[in-house]
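The structure appears below as structure tokens.
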There are 2 protein chains.
Amino acid sequence: MFYICSMLSYTEENYLKALLKLSFQNEDKPEAGTNEMAAYLGVKPATATDMLKKLKEKELVTYKKYGKILLTETGKQNGIAILRKHRLWETFLYEKLDFSWDEVHEVAEQLEHIQSAKLVDKLEEFLNFPEFDPHGDPIPKANGEIPTIDKILLSELKENELCKVVAVKDTSTVFLQYLEKLRITIGTPIKVLERIDFDGSLSIQIAGEEARNVSMKFAESLFVKR
Amino acid sequence: MFYICSMLSYTEENYLKALLKLSFQNEDKPEAGTNEMAAYLGVKPATATDMLKKLKEKELVTYKKYGKILLTETGKQNGIAILRKHRLWETFLYEKLDFSWDEVHEVAEQLEHIQSAKLVDKLEEFLNFPEFDPHGDPIPKANGEIPTIDKILLSELKENELCKVVAVKDTSTVFLQYLEKLRITIGTPIKVLERIDFDGSLSIQIAGEEARNVSMKFAESLFVKR
DNA sequence: TATAAAAGTTAGACTAGTCTAACAAATATA
DNA sequence: TATATTTGTTAGACTAGTCTAACTTTTATA
């Protein structure tokens with residue numbers, strides 16, 4: 001078990017994190033394609049191909065020409081380490097420095113690359129070993145374990161069901177700011193009053209307030225727990 | 001007053017910070033030479049020359065071939081902004097995350113390059129607007145002002161004089177760890193019992209404990225206030 | 001199954017930051 | 001002041017990460 005290697009460049013770290021995120025997205029088969037990865041990182045496919053060769057050389061991914069990309073165990077653990085840092089920093093910014101939901105990501109993108117094992121662990125302790133970040137995403141433990149929570153989309157609820165918000169699926173600024181306007185945060189209770197079959201929209205009650213209509217798109221962007 | 005520009009690379013920031021530090025060192029004339037700067041940054045003089053041209057192009061330094069290097073007002077303000085971040089992060093690591101005196105610098109070297117005006121200001125607020133960092137060095141304010149304190153070297157004191165430690169001149173790990181061993185931190189009271197003319201060493205009393213001899217080198221590495 | 005479209009690769013070029021080796025200017029000193 | 005030493009510059013090369021343009025392989029589909 002000699003997984004986390006600190007000899008990764010800023011860029012290599014970003015590729016590993018992207019690959020990890022993509023592997024979460026395509027749940028069943030955690031593979032990614034070159035173009036997919038390039039698009040995710042905002043680089044050209046040619047650039048991604050070059051980096052892939054490098055990552056393969058370092059045994060962080062397995063892949064062969066024209067084939068799919070898969071993280072090796074080492075690659076995965078390194079990716080998880082970066083994700084851990086990202087989410088701990090997001091939590092710090094949100095809880096200690098009063099950053100808003102939609103502001104934390106950008107800064108955490110930078111902070112996640114700081115190299116110092118002590119820093120990460122002390123930060124985690126300082127934050128009281130949080131299990132989920134401000135968006136409700138699980139924060140990997142130092143050993144690479146990722147906490148789970150059974151969550152479903154708001155859109156999956158039946159009429160009259162009660163739930164609590166546990167995470168956001170969409171982390172775009174527009175959505176997060178809309179949630180803030182509706183005064184929805186992690187933990188907010190929601191009751192589904194009515195489902196409109198016509199367009200998939202819902203009538204919901206947020207924290208006991210008066211009824212409000214939300215779109216299908218909205219209901220499919222919010223994770224809740226019954 | 002349109003000083004702080006965020007379009008500086010990681011490397012450019014380091015050059016500005018180095019130039020600022022060197023200007024503090026050579027108090028009377030805040031100029032630096034190419035070799036001096038290169039040595040400080042751990043690069044070769046040829047490399048420094050190249051960067052200098054770039055910084056001159058951006059109007060962050062004034063300098064002409066074979067001449068001395070001087071920061072422009074813009075260059076100075078940018079350097080101060082980086083120093084501010086560095087010292088605020090050091091304070092954070094020391095006070096909130098229990099880093100020791102000699103561990104903070106290395107990590108702060110990385111953290112100082114995080115780009116986010118909000119982050120710096122919020123961090124400062126979170127730390128309660130500290131004026132001095134763990135080494136006793138002044139933390140520049142958001143407007144570029146640098147707090148001052150009248151400090152003298154321990155070696156300048158006469159026999160029987162009392163003082164308090166306010167800063168360290170030498171920030172090397174060996175020295176900081178030695179101070180820790182002697183249980184000297186910022187604020188510790190010291191009394192000079194005897195000056196030994198032969199070798200410049202002193203007999204001192206630390207926080208009322210029993211007498212102890214320290215070398216001239218030691219006495220010239222510690223700043224105190226009468 | 002032949003072919004068009006999509007996905008992926010290669011080759012060659014560019015930038016930022018670094019180096020070494022050779023050279024030029026400034027300064028110190030005999 | 002002539003020369004040796006120190007200081008600083010230039011030229012050319014290398015690496016990491018990026019690009020564009022042309023090419024190849026895979027896949028989807030008519």
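Proteins get letters first, then strands, A, B, ... in listed order; numbering begins at 1 in each.
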| Those residues that, when tested against B:Asn213, pass side chain to side chain donor-acceptor pair (under 3.5 Å) (two or more places apart) |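 Per chain and number, B:Asn213 pairs via side chain to side chain donor-acceptor pair (under 3.5 Å) with no residue.
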| field | Of all pairs that satisfy ring pair (Phe, Tyr, Trp, His ring centres under 6.0 Å), the ones with a partner from residues 12-42 of chain B, not counting sequence neighbours | value |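 Applying ring pair (Phe, Tyr, Trp, His ring centres under 6.0 Å) to every pair that reaches into residues 12-42 of chain B, excluding sequence neighbours, yields nothing.
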Atom-pair distance ([atom1] on [X]; [atom2] on [N]), nearest Å:
X: B:Lys58; N: C:dA16; atom1: NZ; atom2: C1'; result: 11 Å
X: A:Lys44; N: D:dC23; atom1: NZ; atom2: P; result: 20 Å
X: A:Met51; N: D:dT15; atom1: CE; atom2: C1'; result: 12 Å
X: A:Glu13; N: D:dA16; atom1: CD; atom2: P; result: 16 Å

| said: What's A:Tyr10 touching, base or sugar-phosphate or nothing? Going by heavy atoms closer than 4.0 Å. | reply: nothing
| Of all residues at least two apart in sequence or in a different chain, which pass the side-chain contact (heavy atoms from CB on, under 4.5 Å) check with B:Lys141? | B:Glu124, B:Glu131, B:Asn143, B:Glu145, B:Pro147
| query | How would nucleotides 7-14 of chain D be written as a contact map, 5' to 3', with B for base contact, S for sugar-phosphate-only contact and - for no contact, using protein heavy atoms under 4.0 Å? | reply | SSBB----
| said: So that I can tick it off, tell me whether A:Glu12 and A:Lys17 are bridged by a salt bridge, with the cut-off set at under 4.0 angstrom between side-chain N and carboxylate O. | reply: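 Here A:Lys17 does not pair with A:Glu12 in a salt bridge, since their nearest N and O are not under 4.0 Å apart.
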| task | Report the residues that fulfil ring-ring contact (aromatic ring centres under 6.0 Å, His included) with B:Tyr10, sequence neighbours left out, ordered by chain and then residue number. | result |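 B:Tyr10: ring-ring contact (aromatic ring centres under 6.0 Å, His included) contacts with B:His113.
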Show me the side-chain donor-acceptor pairs of residues 92-101 of chain B shorter than 3.5 Å, one per line, residues at least two apart or across chains.
| residue | atom | partner | partner atom | Å |
| --- | --- | --- | --- | --- |
| B:Ser100 | OG | B:Asp102 | OD1 | 2.9 |
| B:Ser100 | OG | B:Glu103 | OE1 | 3.1 |
| B:Trp101 | NE1 | B:Pro134 | O | 2.5 |

